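A short write-up of the structure that comes next.
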2 protein chains.
Amino acid sequence: MKLKKHASDSPRERILEVAGQLFYQSGIRAVGIDSIIAKADVAKMTFYKHFKTKDMLVVEFLKRRDERWRAWFEEAVYRLAPQAQDRPLALFDALEERFRMADFRGCAFINTMVEVADGDHLAHQTAAEHKQKVQGFIQSVLVEAQIDNAKELSKAFMLLIDGAIVTAVREKNPNSAKEAKRIAASLISNS
Amino acid sequence: MKLKKHASDSPRERILEVAGQLFYQSGIRAVGIDSIIAKADVAKMTFYKHFKTKDMLVVEFLKRRDERWRAWFEEAVYRLAPQAQDRPLALFDALEERFRMADFRGCAFINTMVEVADGDHLAHQTAAEHKQKVQGFIQSVLVEAQIDNAKELSKAFMLLIDGAIVTAVREKNPNSAKEAKRIAASLISNS
DNA sequence: CAGTATACAGACAGGTCTGTATACTTGGGG
DNA sequence: CCCCAAGTATACAGACCTGTCTGTATACTG
C-alpha cells in the first residue's frame, strides 16, 4: 500500500508520485491530503513545508503531468511512425495505446477543468497551456508530413482527439481512437 | 436569491429546479444540500422526504436534464433547418446556439461522469443512456436527409459533438461548433 | 371541529476536510 | 562529539458535509 521510501528518494518526489496516481484515478476533490501523505509515507508537516496549499500541489501535479504526457506522446508517435508522412495518422494510434492502459480515465486536464468549475483558477490556465503545447506538436507533425494548412488542420485534430478521449471514457472502450483516425484520414485526403 | 414559492409550486419541483441550476453551474460535489434547500426555500426534512439521498437527487437531476436537453435540441434543429436535407449540418448550428448561452459550462453528463469517478455509479448509466438517445436522434436526422451509412456516420457525429463541447469549454469560445460543422460537412460530401 | 398530511424551522450527531501547533527522533557535517 | 536541519508523530481548530431528530404551523377533509 505504502510507497517504499527508497522508491523515489525525496519526500517531495514521493508526494508528487502518489498525488499523480490518486488525483488522476479518483479526481482532485475526492482525494484528501491525509490519503496522500499516508500512501507517500510522509508526515503532514513535511507535506505543508513543500506545498503551501493543496491547490499548489494540484498545479505542480498538472505541470508534471504535462511534461510526462507529452514526452510519452511524442515518443509513441515517432516509434509508431518512423516515416514523417505516416505520423499524422499515427497520432491516433498513439492515442489508442493510451486508451488501452489499465488506469486510463480520460485527460487529466479536461477532468480538472470540469472539477474546478471556477474558470479563473490557476488550474484552468495550466490546462490551457498544456493543450496549446500539444497542438504545437501536432502542427509540427503535419508540417513535417508536408501537409498544407497545418495550422488549421491541427485545430481540427485537437477537436478529434478531445472527442475521442471523451468518447473512450464514456463508452469505456478504446475504439473511438480508430473512429477519430478515420475522420482524420478523410480530412487529409480532402485537403 | 431565494426561489419564490409560487414560482414553481411543489417543493419537489423547486428542489429540482434549484438543483438543476447549482449542479450544472458549480458541479455536484461543490453544491451542498444546505445551499439547495436554502435557495429552494424548503425544509431539510421535506427534502429528505422527496429524495432518499443526495445521490438520488443527482439521478433525478440527470433524467430531467436529459429530457429537457433533447427537447430543446430537437426543437432547435427543426427550427434552424425546416428542410430535411439541411438538418445534419444544422445539428452544429444548434450546438453553437447552446455554446453561446451565458451559463454554458459543457455537457452535464460528461461533467458528472468525470466528477463521479466510480464507473459503476448510477450516474454513469444515466449518462450513457442520454448519449445513446442523442445518437438515435442524430441517426434519424441523417436517415431523413437520405444519407447513406446513417448509423456509422451518427457515431462520427457524436464524437464531433463531444469534441466541440470540450473544446468550447476549454477555450471559453463557441467557435468549435463551426469547426465541427466543417469536419461534418467534409464527411458528408465524402461518403 | 377533529384528524391527517404536508411543510417549515432549526438544532444536532458524526464524519470529512484543510491547515496549524507542538514535541520528539535521527542522521550527517563541522 | 555535538548541533541542527529535516522529517516524524500526533493532536487540534475550524469549516463544511450528509442525514436525523424534535417540534410547530398550515391546510385540506370528513
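Computed from a prediction, not measured in an experiment: that's the story for all the values here. FYI, side chains are in, hydrogens and waters are out, and symmetry mates aren't considered; it's all heavy atoms of this structure.
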4.5 Å side-chain heavy-atom contact, A/Leu159 and B/Leu160: yes
B/Arg79 versus B/Glu97, closest heavy-atom pair with distance: NH2-OE1, 2.9 Å
task: May I ask you to check whether A/Gln21 and A/Lys39 show a side-chain donor-acceptor distance below 3.5 Å?
output: yes
query: Given atom CD of A/Glu13 and atom P of D/dG7, what is their separation to the nearest angstrom?
result: 13 Å
query: Does the pair B/Asp93/B/Lys178 count as a salt bridge with the N-to-O cut at 4.0 Å?
result: no
query: Rounded to whole angstroms, how far apart are CD1 on A/Ile37 and P on D/dT8?
result: 10 Å
query: Cation-pi between A/Arg87 and A/Tyr78: NZ/CZ under 6.0 Å from ring centre and within 45° of the ring axis?
result: yes
Length of the line joining A/Asp41:CG and C/dT25:C1', which is rounded to integer Å: 15 Å
query: D/dA13 P sits how many Å from A/Met45 CE, rounded?
result: 16 Å
message: Does the plane of the ring in A/His130 sit parallel, tilted or perpendicular to the ring in A/Trp69? Use 30° and 60° as the thresholds.
response: perpendicular
Length of the line joining A/Ile15:CD1 and D/dT8:C1', which is rounded to integer Å: 13 Å
- request: In whole angstrom, give the distance that lies between atom CD1 of A/Ile36 and atom P of C/dT16.
  value: 16 Å
- request: Check the distance between C/dA21's P and A/Lys44's NZ and give it to me in whole angstrom.
  value: 13 Å
field: Proximity to DNA chain C (any heavy atom under 4.0 Å), residues of residues 46-61 of chain A only
entry: A/Tyr48, A/Thr53, A/Lys54
- request: Can you see which heavy atom on B/Ala185 is nearest to which on B/Leu89, and at what distance?
  value: N-CD2, 3.8 Å
message: Quick check on contacts: within residues 24-34 of chain B, what sits under 4.0 Å from DNA chain D by heavy-atom distance?
response: B/Val31, B/Gly32, B/Ile33, B/Asp34
task: Check whether the ring centres of B/Phe61 and B/Tyr24 lie less than 6.0 Å apart, and answer yes or no.
output: no
